[in-house]
Engineer: 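If you scroll down you'll find the structure; I have some questions about it.
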Amino acid sequence: MSATAATPRPQIARPPTAWQTGSNVVFRGLTHAFAGAVVVLLAGIVFEVMRHASGAMAKYGAGFVTGSVWDANRNEFGILPEIGGTLYTSFWALLLAGFLGVTLALVLSQGFLGKRSELVMKNVVELLAAIPSVVYGLWGIFVLVPLLRGPAGFLNDHFPNFPLFSTRLSGPGILPASLVLAIMILPTVTAVSREAMAAVPPRLAAAAYGLGATRWEVIFRVTLPTASGGIFGALVLGLGRAFGETMALAMLAGNAPNFSWSLFSPGNTLAALLANHFPEAGEFEVGALMYAALVLLLITLAVNIIGSLIMLRATAGLKGLR
Amino acid sequence: MAQSSLPSNSAPLGFSLANSRTLLDRVLTVLAIGFSLFALFPLFSVLYMLLVRGGELLSPSLFTELTPGAGMEGGGIGNAVLGTLVVVAIASVLSLPLGLLAAIYLAEYAEESKLGTLVRFAGKVLTGMPSILAGVFAYALVVVTTGSFSALAGGVAMSVLMVPTVMLTAEQALRAVPEKMRMAALGMGATRMETTLRVVLPTALPGILTGVMLALARAMGETAPLLFTALFSDYWFEGQFGSPIASLAVLIYNFSGSPFPHLVKLAWAASLILVFLVLVLNVGAQLLIRRPKEI
């Protein structure tokens, strides 16, 4: 007893040194500052684009959005055909990618395949997203457009009065652009709607199976209605991607400053307009392009926020069923 | 009596395609799998074309020679390969510290704070922002200010795209570190900073690296933000950050519209190399997260 008291244990506990407390505070402040910097970055983007667009905004006002002439020589700028082209190509892309994406999501989530092939297929879909858009553009120019020329010519020959087929496909055009756009948003639509389907409580499907429903009856009457909010959100997020996608459209839409309902005629989109005109733009045109970029920013921002809100509500709505 | 309460038209139990409901079920299944394969057809077509047309020019000189002028034969894409690496390196230097420290704030300090919510929201908005707007931002910030297209402007544009991916995936990785490890370190007398740097970060490293690699892969393939920031150059990069620089992505775009077949062939070769680099990064990222964690 007295031995332990005589030899005190070596002191291993000590208060933190000044360096430790100091660096701790500095580190905390640093992470705080960098986190704030991310917000500043977003604000900076909006601010910079607005600052450079302000001249054009004051000069052209709302007429910029309704004008349909883009002529840098006469300093006349309007982006109506580009807005139309953006909406039109995105519509077709979303129609196709929505159908195929939801089908893919069903195949991936409803037990059609074994666990192993499900994983392989999921990775293949992710691979689809990994390929750079400029490569899809190259593929579109040299594989897709020649492939489409035959059927497009046939449709134009036989239904020249049907608005969708009223022109000939001379190369780039709305149809190849929309198809490639569909490929590009397919992974987004698939992944997000797969998540929505996976979030459907399994006991709902089990109850339907127990009542004697077949797999597709369960899909159509239980899974899809329950996941509909999430699937809708997936479509909106896909639309957001489609609006902003640039390269495939810059290479395949044809860069034509007019709008046509024909699938085979060339057109243009907001993002493609920026890509095609920015590298050689003069001072006035840069202002107008910044204005167009601001319009694109606002449209995609609105669509993405709406999509996220829908997803949030869809998942919150399922909470009671868990 | 009891039997009469059963519906008289109930089908006998058992599997038969003669039953219309079963038949419809099978037909829809075949259709769904058929459409799924159809949806994946473009991917296989792209990969096939890359190997066939891109493989044509594959040789060591492809990496050591400069891009040829219009109408000239020979040459390679060496300057574009180097340029892509340089731009991505600049972007990494700018975006990794920002993304990582912001992620540390979100995972370790933010809790449910207002700034945390705001930062996360900003990250999500930046992820969904069209990549060309990153180019517009870099154009406004760097090109207009310095008066010339430059490698630096390209790097700034790319970094804008990398920050949200790095930040959001790193936050997830940091949050996945079990709370008891932090408690143990703090209980031993470590400060928050020491806990974060010596315990949490090393544990979360595979997850963080996954995010970094995915961000790099995404940045490498992006073309739109480089078109009017980095532009293109037919010469080697020799340390001039203030002048235009070549990149694989812009090379593919420029040469794809060329009337000269040789340049189109180079575009396919560049695509093959770009896709190869992107896939290597993606597969690497996948392998890192697959590693089982036993904590």
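Predicted, not measured: the structure shown is a model, and the values here were computed from it. Labels below follow one simple rule: chain letters A, B, ... track the order of the sequence lines, proteins then strands, and each chain is numbered from 1.
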Engineer: Closest heavy-atom contact between P132(A) and G221(B)?
Structural biologist: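 The answer is CB-O, 3.5 Å.
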Engineer: Heavy-atom cut-off 4.5 Å, strictly under: side chain, backbone, both or neither for F112(A) against chain B?
Structural biologist: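 Just the side chain, heavy atoms under 4.5 Å.
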Engineer: Chain B heavy atoms under 4.5 Å from I131(A): which part of the residue, side chain, backbone, both or neither?
Structural biologist: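 For I131(A), the side chain is the part near chain B, not the backbone.
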Engineer: Is the OH atom of Y209(A) crowded by more than 12 outside heavy atoms at less than 6.0 Å?
Structural biologist: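 Atom OH in Y209(A) is crowded, with more than 12 foreign heavy atoms closer than 6.0 Å.
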Engineer: Quick check on the interface: out of L96(A), L128(A), L113(A), who has the most heavy-atom pairs with chain B under 4.5 Å?
Structural biologist: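 Among L96(A), L128(A), L113(A), the one with the most close pairs to chain B is L128(A).
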Engineer: Could you tell me if the side chain of Q286(B) sits less than 4.5 Å from the side chain of E126(A), heavy atoms only?
Structural biologist: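 E126(A) reaches Q286(B) side chain to side chain.
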Engineer: Quick one: of L28(B), L50(B), V143(B), who has the most non-hydrogen atom pairs under 4.5 Å with chain A?
Structural biologist: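 Option with the greatest count: L28(B).
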Engineer: Where on S23(A) is there a heavy atom nearer than 4.5 Å to chain B: the side chain, the backbone, both, or neither?
Structural biologist: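 Both backbone and side chain.
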Engineer: So for L274(A), is it side chain, backbone, both, or neither that comes closer than 4.5 Å to the heavy atoms of chain B?
Structural biologist: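 Both backbone and side chain.
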Engineer: Give, as side chain, backbone, both or neither, the part of L100(A) having an atom under 4.5 angstrom from any heavy atom of chain B.
Structural biologist: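 Contact with chain B is through the side chain of L100(A) alone.
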Engineer: Any idea which of L141(B), L24(B), L281(B) has the most non-hydrogen atom pairs under 4.5 angstrom with chain A?
Structural biologist: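 So the answer, after comparing L141(B), L24(B), L281(B), is L141(B).
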Engineer: On a heavy-atom basis, which atom in V134(A) and which in Y253(B) lie closest, and how many Å separate them?
Structural biologist: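 Closest pair (atom of V134(A), atom of Y253(B), distance): CG2-N, 3.9 Å.
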Engineer: Between L301(A) and M129(B), does a side chain to side chain contact (heavy atoms under 4.5 Å, CB included) hold up when you go through it step by step?
Structural biologist: CA-CA 7 Å; L301(A) 214 62; M129(B) 195 183 71; 5.9 Å; no
Engineer: Let me know if F149(B) has heavy atoms under 4.5 Å from chain A in its side chain, its backbone, both or neither.
Structural biologist: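 Contact with chain A: side chain only.
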Engineer: Side chain from CB out, backbone as N, CA, C, O: work out which of these in R53(B) comes under 4.5 Å of a heavy atom of chain A, or both, or neither.
Structural biologist: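 Contact with chain A is through the side chain of R53(B) alone.
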Engineer: Using non-hydrogen atoms and a 4.5 Å limit, figure out which bit of V283(B) sits close to chain A: side chain, backbone, both or neither.
Structural biologist: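 For V283(B), neither part sits under 4.5 Å from chain A.
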Engineer: Name the member of I132(B), L227(B), L133(B), V278(B) that forms the most heavy-atom pairs with chain A at distances under 4.5 Å.
Structural biologist: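 Maximum pair count with chain A is reached by I132(B).
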Engineer: Side chain from CB out, backbone as N, CA, C, O: work out which of these in V39(A) comes under 4.5 Å of a heavy atom of chain B, or both, or neither.
Structural biologist: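 Backbone plus side chain of V39(A), per the 4.5 Å heavy-atom cut-off to chain B.
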Engineer: Chain A: which of V125(B), L100(B), V163(B) shares the most heavy-atom pairs with it under 4.5 Å?
Structural biologist: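 Counting heavy-atom pairs under 4.5 Å, the top option is V125(B).
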Engineer: Treating N304(A) as the side-chain partner and G128(B) as the backbone partner, does any N or O pair qualify as donor plus acceptor under 3.5 Å?
Structural biologist: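 A pair under 3.5 Å: yes.
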Engineer: Show the numbers, then the answer: is there a side chain to side chain contact (heavy atoms under 4.5 Å, CB included) between F137(B) and F47(A)?
Structural biologist: CA-CA 9 Å; F137(B) 170 65; F47(A) 174 77; over 6 Å; no
Engineer: Can you tell which of I219(A), I45(A), L104(A) has the highest number of heavy-atom pairs within less than 4.5 Å of chain B?
Structural biologist: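 Highest number of pairs under 4.5 Å: I45(A).
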Engineer: Is it the backbone or the side chain of A217(B) that comes under 4.5 Å from a heavy atom of chain A, or both, or neither?
Structural biologist: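 Contact with chain A involves no heavy atom of A217(B) at all.
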Engineer: Would you give the length of the straight line joining atom CZ of R26(B) to atom CZ of R215(A), rounded to the nearest 0.5 angstrom?
Structural biologist: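 Going from CZ on R26(B) over to CZ on R215(A), the span is 7.0 Å.
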Engineer: Taking atom CZ as the centre, does F121(B) end up with more than 12 heavy-atom neighbours from other residues, nucleotides or ligands that are less than 6.0 angstrom away?
Structural biologist: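 Incorrect, the count does not exceed 12.
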Engineer: Relative to chain B, which segment of F99(A) carries a heavy atom at a distance below 4.5 Å: side chain, backbone, both, or neither?
Structural biologist: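 Just the side chain, heavy atoms under 4.5 Å.
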Engineer: Measuring from atom OG1 of T21(A) to atom CZ of R192(B), what distance do you get when rounded to the nearest 0.5 angstrom?
Structural biologist: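 Those atoms lie 15.5 Å apart.
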Engineer: With a 4.5 angstrom heavy-atom cut-off, is it the side chain or the backbone of V264(B) that approaches chain A, or both, or neither?
Structural biologist: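 Just its side chain gets close to chain A.
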Engineer: Chain A: which of V275(B), I252(B), I104(B), L98(B) shares the most heavy-atom pairs with it under 4.5 Å?
Structural biologist: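 Heavy-atom pairs under 4.5 Å are most numerous for L98(B).
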Engineer: Might you confirm whether atom CE of M49(B) has over 12 heavy atoms from other residues, nucleotides or ligands at distances under 6.0 Å?
Structural biologist: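 Result for CE/M49(B): enclosed.
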Engineer: Is R28(A) close to chain B through its backbone or its side chain, or both, or neither, when contacts mean heavy atoms under 4.5 Å?
Structural biologist: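 Both the backbone and the side chain of R28(A) come within 4.5 Å of chain B.
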Engineer: Side chains of V286(A) and Y139(B), heavy atoms from C-beta outward: is any pair under 4.5 Å?
Structural biologist: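 Sidechains of Y139(B) and V286(A): in contact.
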Engineer: Under 4.5 Å from any heavy atom of chain B, what part of I305(A) do you find: side chain, backbone, both or neither?
Structural biologist: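 Interface part for I305(A): side chain.
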Engineer: With a 4.5 Å heavy-atom cut-off, do V107(A) and T29(B) have their side chains touching?
Structural biologist: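 The answer is no; the side chains never approach within 4.5 Å.
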Engineer: Donor-acceptor pairs are to be reported for all side-chain atoms of residues 30-48 of chain B against protein atoms at under 3.5 Å, with residues two or more places apart or in another chain.
Structural biologist:
from	atom 1	to	atom 2	distance (Å)
S36(B)	OG	A32(B)	O	2.8
S45(B)	OG	W139(A)	NE1	2.8

Engineer: Taking heavy atoms only and a threshold strictly under 4.5 Å, list by residue number the residues of residues 238-249 of chain A that touch chain B; give 'none' if the list is empty.
Structural biologist: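 Heavy-atom contacts from residues 238-249 of chain A to chain B are G244(A), T246(A), M247(A).
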Engineer: Among L179(A), L127(A), V25(A), which residue forms the greatest number of heavy-atom pairs with chain B at distances under 4.5 Å?
Structural biologist: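 Between L179(A), L127(A), V25(A), the count favours L127(A).
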Engineer: Measure L118(B) against the heavy atoms of chain A and call it side chain, backbone, both or neither at under 4.5 Å.
Structural biologist: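 Both the backbone and the side chain of L118(B) come within 4.5 Å of chain A.
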Engineer: Quick check on E194(B) against chain A: is it the side chain, the backbone, both or neither that has a heavy atom closer than 4.5 Å?
Structural biologist: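 For E194(B), the side chain is the part near chain A, not the backbone.
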Engineer: Could you tell me which portion of L297(A) (side chain, backbone, both or neither) has an atom closer than 4.5 angstrom to a non-hydrogen atom of chain B?
Structural biologist: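 Both parts, backbone and side chain.
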Engineer: Where on M167(B) is there a heavy atom nearer than 4.5 Å to chain A: the side chain, the backbone, both, or neither?
Structural biologist: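 Contact with chain A is through the side chain of M167(B) alone.
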Engineer: Could you have a look at A140(B), A102(B), A110(B) and say which one has the most heavy-atom pairs with chain A under 4.5 angstrom?
Structural biologist: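 With the most close heavy-atom pairs to chain A, the winner is A140(B).
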Engineer: Is N24(A) reaching over with its side chain to a backbone N or O of T191(B), donor-acceptor style, under 3.5 angstrom?
Structural biologist: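 No.
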Engineer: Between S256(B) and M251(A), is there a side-chain heavy-atom distance shorter than 4.5 Å?
Structural biologist: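 Side chain of M251(A) against side chain of S256(B), heavy atoms only: contact under 4.5 Å found.
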Engineer: Mind checking salt bridge (Lys or Arg N to Asp or Glu O under 4.0 Å) for E108(B) and listing every partner two or more places apart, or none if nothing turns up?
Structural biologist: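 If we apply the salt bridge (Lys or Arg N to Asp or Glu O under 4.0 Å) test to E108(B), skipping adjacent residues, the hits are R182(B).
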Engineer: Report which part of I183(A) has an atom under 4.5 Å of a heavy atom belonging to chain B: side chain, backbone, both, or neither.
Structural biologist: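 Answer is side chain: those atoms of I183(A) sit under 4.5 Å from chain B.
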Engineer: Does the separation of the ring centres of F34(A) and Y105(B) fall below 6.0 angstrom?
Structural biologist: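 Centroid distance F34(A)-Y105(B): not below 6.0 Å, so no.
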Engineer: Quick one: what part of D25(B) sits under 4.5 Å from any heavy atom of chain A, side chain, backbone, both or neither?
Structural biologist: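 D25(B) touches chain A through backbone and side-chain heavy atoms alike.
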Engineer: Within a reach of under 6.0 Å around CZ of R221(A), are more than 12 heavy atoms found that belong to other residues, nucleotides or ligands?
Structural biologist: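 No.
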Engineer: What residue pairs, at least two apart or across chains, pass side-chain hydrogen bond (donor to acceptor under 3.5 Å, both in side chains) with a residue in residues 29-40 of chain A?
Structural biologist: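 Checked against side-chain hydrogen bond (donor to acceptor under 3.5 Å, both in side chains) - neighbours excluded - no pair reaches residues 29-40 of chain A.
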